[in-house]
2 protein chains.
Amino acid sequence: MTGLELDSEELPTRERILREASRLFGKKGYHGTSTRKIAEAVDIRQPSLFHHFPSKDAIMAELIDIDLDEAATVAQAQASADGSAALRLYKYLIWDISFICRCAYDLTSVESVLDDPVFADKRARHQTLVDARRSLIEEAIDSGEFVKVDPEVAERAIVWILRGDINDTAGQAIPDADVVADQLASFILRALLSDPSRLDEIRVAAGESVA
Amino acid sequence: MTGLELDSEELPTRERILREASRLFGKKGYHGTSTRKIAEAVDIRQPSLFHHFPSKDAIMAELIDIDLDEAATVAQAQASADGSAALRLYKYLIWDISFICRCAYDLTSVESVLDDPVFADKRARHQTLVDARRSLIEEAIDSGEFVKVDPEVAERAIVWILRGDINDTAGQAIPDADVVADQLASFILRALLSDPSRLDEIRVAAGESVA
DNA sequence: TCGGTAGCCTATCGATTGATAGGCCTGGGG
DNA sequence: CCCCAGGCCTATCAATCGATAGGCTACCGA
């Protein structure tokens, strides 16, 4: 625990900027959100934003880092681990969805701006996440744990289920994050497992390794 | 067939505006795309856009109508039909994904602007689509064809898989649209069917009703 | 032949954008 | 006591936004 269970109004201005900006970016899109609207949400004047961030882009860049850094680390850790690839994918999914649900920021807008040349320097980090995820999927297909499906199709479906979760639950501090995570991860595993009856075994195994 | 298998450069200006605008909206977002960029892509001057559309909003509005009108009709038809709800959901999915793949427009941006008050008049039509889809899912769960899963979770996953398909294939006139449609629809059905072995039976039944 | 209309153009509008300049106030260290 | 740095303010900037006004040209039906 970080110990900052502060009321929203007591949070440092910089932190409040990140939260309100992420919320507005998620709702109206990055380009659809002006610095004046962000300032209004934080209840300061628009130029005051630039005492905390050098530019509007920098606010978005920080949100991108928050989204990618931990996700890429966890995905890579699972990709390079041993044992059942299906189990490792499940663990990654549970972690990622829980993270999304618990995160104080609405990270909806992150992936949709990654193609923008302005944020080109974030693309490498994003690619490591994509590669790690892809690697887990292909491993599970090759080993026969998953049905013979186009890895591209599977990954696209997974990525967008996650993105939908971000979009619908982000920045709300969902109380039952674990339940949501299990439901979505189970949905994905059922769609991919050659033997769907293995799902419960995988859920139990993942639960044990966490506890 | 409509008979307009024209070269892109021979298309009427109005049509080229719709196509280029949809492509740019999909890539940069609605607010991230200026009317000048659209005009540049169509190779006309910016004010000339307003001889074909009264406003930038009107371009987006037309794309929304294209996206929603047929989708809502098909979804409602399947929702009010008889027989296996799982089969009807599969049919709707196949139709929708094929439509997305074949569509001349990139409809990525449509759903992301539906919350905007500017397009509030489109929301009712969108709601009929959402309701019809939800109804199919709940019917399949209640009848036992689908596993006992939260309908909200299932619908969210489906919607976002579809949206991901829009985003990644839109406006490209995918040649093997049928293959993509079957793969994605099968992914969804596998995740939901209580008895996954019924998938092949459903695919065959859907194929027959089309032919 | 002529009037009108469709389609595109140049020039320009007011509003809004992200960002800068510089002043005011407060709190802490010498 | 003074100084100064951090944090916020007002005022304002140039750039870009969506949209309008009005002129030129090609074409079509009476």
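Just so it is clear: chains get the letters A, B, ... in the order the sequence lines come, proteins before strands, and each one is counted from 1. For the numbers below, each heavy atom of this structure counts, side chains included, while hydrogens, waters and symmetry mates do not.
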**Q.** Residue among B/Arg133, B/Gln78, B/Gln76 satisfying side-chain hydrogen bond (donor to acceptor under 3.5 Å, both in side chains) with B/Tyr92
**A.**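 By the side-chain hydrogen bond (donor to acceptor under 3.5 Å, both in side chains) criterion, B/Tyr92 pairs with just one of B/Arg133, B/Gln78, B/Gln76: B/Arg133.
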
Ignoring hydrogens and angles, write down the donor-acceptor pairs under 3.5 Å from the side chains of residues 114-124 of chain B, residues two or more places apart or on other chains.
from     : atom 1 : to       : atom 2 : distance (Å)
B/Asp116 : OD1    : B/Val118 : N      : 3.0
B/Lys122 : NZ     : B/Asp65  : OD1    : 3.0
B/Lys122 : NZ     : B/Asp65  : OD2    : 3.1
B/Arg123 : NE     : B/Leu114 : O      : 3.3
B/Arg123 : NH2    : B/Asp115 : O      : 3.4
B/Arg123 : NH2    : B/Asp116 : O      : 3.4

Provide, to the nearest angstrom, the distance between the [atom1] atom belonging to [X] and the [atom2] atom belonging to [N].
X: B/Arg45; N: D/dA19; atom1: CZ; atom2: P; answer: 19 Å
X: B/His51; N: D/dG18; atom1: NE2; atom2: C1'; answer: 15 Å
X: B/Asp43; N: C/dC8; atom1: CG; atom2: C1'; answer: 12 Å
X: B/Phe50; N: C/dC9; atom1: CZ; atom2: C1'; answer: 15 Å
X: A/Leu49; N: C/dG18; atom1: CG; atom2: P; answer: 10 Å
X: B/Leu24; N: D/dC17; atom1: CG; atom2: P; answer: 12 Å
X: A/Gln46; N: D/dC8; atom1: CD; atom2: P; answer: 14 Å
X: B/Phe53; N: C/dC8; atom1: CZ; atom2: P; answer: 12 Å

Donor-acceptor contacts under 3.5 Å from residues 154-165 of chain B side chains, at least two apart:
from     : atom 1 : to       : atom 2 : distance (Å)
B/Glu155 : OE1    : B/Arg134 : NE     : 2.7
B/Glu155 : OE1    : B/Arg134 : NH2    : 3.1
B/Arg156 : NH2    : A/Asp165 : OD1    : 3.3
B/Arg163 : NH2    : B/Glu111 : OE1    : 3.2
B/Asp165 : OD1    : A/Arg156 : NH2    : 3.3

Q: Specify the residues of residues 54-62 of chain B, ordered by number, for which at least one heavy atom lies under 4.0 angstrom from an atom of DNA chain D.
A: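 Residues of residues 54-62 of chain B that come under 4.0 Å of DNA chain D are, in numerical order, B/Ser55, B/Lys56.
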
**Q.** Within residues 28-41 of chain B: residues closer than 4.0 Å to DNA chain D (heavy atoms)
**A.**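 The answer is B/Thr33, B/Ser34, B/Thr35, B/Arg36.
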
Q | For B/Asp131, side chain to side chain contact (heavy atoms under 4.5 Å, CB included) partners two or more places apart | A |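 B/Gln127.
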
Q. Under a 4.5 Å cut-off applied to non-hydrogen side-chain atoms, are B/Phe99 and B/Leu107 in contact?
A.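 Touching, per the 4.5 Å side-chain cut-off.
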
Q.
Just so I know, are the side chains of B/Tyr105 and B/Asp67 near enough to count as touching, which here means a heavy-atom distance under 4.5 Å?
A.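 With C-beta onward as the side chain, the pair stays apart.
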
Q. Any side-chain donor paired with an acceptor under 3.5 Å for A/Thr108 and A/Asp106?
A.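 Looking only at side-chain atoms, A/Asp106 and A/Thr108 do form a donor-acceptor pair, the distance falling under 3.5 Å.
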
Q) Is A/Glu15 salt-bridged to A/Arg19, going by a charged N under 4.0 Å from an acidic O? A)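 A salt bridge links A/Glu15 with A/Arg19.
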
**Q.** Qualifying residues under side-chain hydrogen bond (donor to acceptor under 3.5 Å, both in side chains), relative to B/Ser186, sequence neighbours excluded
**A.**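 Result, side-chain hydrogen bond (donor to acceptor under 3.5 Å, both in side chains) vs B/Ser186: B/Asp182.
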
Q | Under 4.0 angstrom between B/Ser48 side-chain N/O and C/dG7 OP1 or OP2 | A |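 False: B/Ser48 side-chain N/O out of range (4.0 Å or more) of C/dG7 OP1/OP2.
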
